[in-house]
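Lettering follows sequence order; numbering is per chain, from 1.
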There are 2 protein chains.
Amino acid sequence: MTQEKFIGELEQMLLLCVLQLKDDAYGSQIRSFLADKAQRDLSIGALYTTLERLEQKGLLSGRLGEATAERGGRAKKYYSVTGEGRQALFRSKAALEQLWQSLALQLAPQFDQGGCTR
Amino acid sequence: MTQEKFIGELEQMLLLCVLQLKDDAYGSQIRSFLADKAQRDLSIGALYTTLERLEQKGLLSGRLGEATAERGGRAKKYYSVTGEGRQALFRSKAALEQLWQSLALQLAPQFDQGGCTR
DNA sequence: GACATATTTTCTACAATGTAGATTAAATAA
DNA sequence: TTATTTAATCTACATTGTAGAAAATATGTC
């Protein structure tokens, strides 16, 4: 293939959530985190479908939680971002950032690209 | 509706391109701009389909170019970003940015959110 | 142990967005 | 009128976004 594949906006966000939740990145935590930090409310189904797809693409890896949980309910599935996932994330960030930077430059050409003005 | 609709990643990018190209935002220009600034190569079809959808959603408005062009070929269709388009764009930016900011904070808690370290 | 309850994931289905190739339209040039 | 040029539209399909219902699997209770 000649061009890298791009990941969707929600995929980017979920990758970021998992990255930040570290050892506590599973379904409902991820969902709350996203709602809290980005004001984006997902249904359960929407969440898991996307997590599953990210795993299939190799951008996330999932492992089942310990069997000896001190609570009721099914075992949690913990996710972590793979190296490939990190790459995809930073690539997406870079692409969007370059466009925003050009815009900032156009609006205020007296500032340099670093964007630090204080 | 209870939650604002989100726009796709490519939609964001095209909105940004149109914003920056100002009075010269039409098909092939937009396409070159995107390829140049964000290293994202789109087919003709992919480009116009997305522009068309953005127009239908009211995030872009299009008008046909002047009939008295000094060249061969069909009339250009110029686009501009509507107020609604601007809003959608900044909303998307904000959501993603908040997630990235949390991450930066986690990686380097000694720095404040402004991110300026020089 | 059967049954309620709690917690979390999977299944099924459809809508929206991303993508490309071929075709059409509309202007000028020969 | 026939090329040539420039640009947009059409058609079709793949990928990503979204939600509601169902299933799985643990603990608590009688």
- [ ] Using atom CD of B/Glu52 as one end and atom C1' of D/dA12 as the other, report the distance to the nearest whole Å.
- [x] 16 Å

Open item on the list: Under a plain distance cut-off of 3.5 Å, with no hydrogens placed, do A/Gln56 and A/Glu52 share a side-chain donor-acceptor pair?
Closed with: yes

TODO: Could you tell me whether the side chain of B/Gln20 and the main chain of A/Leu103 form a donor-acceptor pair under 3.5 Å?
DONE: yes

Task: Heavy-atom donor-acceptor pair, B/Thr82 side chain to B/Ser61 backbone, under 3.5 Å - done: no

Nucleotide N/O to protein N/O under 3.5 Å, stretch nucleotides 4-7 of chain D:
unit_1 : atom_1 : unit_2  : atom_2 : d
D/dT5  : O2     : B/Gly73 : N      : 3.2
D/dT6  : O2     : B/Arg74 : N      : 2.9
D/dA7  : OP1    : B/Tyr26 : OH     : 3.0

Task: Atom-to-atom span, CG of B/Leu51 to C1' of C/dA20 - whole angstrom - done: 15 Å

Open item on the list: Among residues at least two apart in sequence or on other chains, which ones pass ring pair (Phe, Tyr, Trp, His ring centres under 6.0 Å) with A/Phe33?
Closed with: none

TODO: Measure from OH on A/Tyr78 to P on C/dT7 and round the result to the nearest Å.
DONE: 14 Å

Open item on the list: If you define the side chain from C-beta out and look only at heavy atoms, does anything of A/Leu10 sit under 4.5 Å from A/Leu42?
Closed with: yes

What pairs of nitrogen or oxygen atoms, one from the protein and one from nucleotides 15-19 of chain C, lie under 3.5 Å apart?
unit_1 : atom_1 : unit_2  : atom_2 : d
C/dT17 : OP1    : B/Lys57 : NZ     : 3.1
C/dT17 : OP2    : B/Lys57 : NZ     : 3.4
C/dG18 : OP1    : B/Glu9  : N      : 3.0
C/dG18 : OP1    : B/Leu10 : N      : 2.9
C/dG18 : N7     : B/Arg53 : NH1    : 2.6
C/dG18 : O6     : B/Arg53 : NH2    : 3.1
C/dT19 : OP1    : B/Arg40 : NH2    : 3.4
C/dT19 : OP2    : B/Arg40 : NH2    : 2.8

Open item on the list: Could you tell me if the side chain of A/Leu89 sits less than 4.5 Å from the side chain of A/Val81, heavy atoms only?
Closed with: no

Task: Value in whole Å for how far the P atom of D/dT9 lies from CG of B/Leu54 - done: 14 Å

Open item on the list: Tell me the closest heavy-atom pair linking B/Tyr79 and B/Gly62, and the distance in Å.
Closed with: CD2-CA, 3.9 Å

Task: Pairwise side-chain contact, A/Leu59 with A/Glu11, heavy-atom cut-off 4.5 Å (strictly under) - done: no

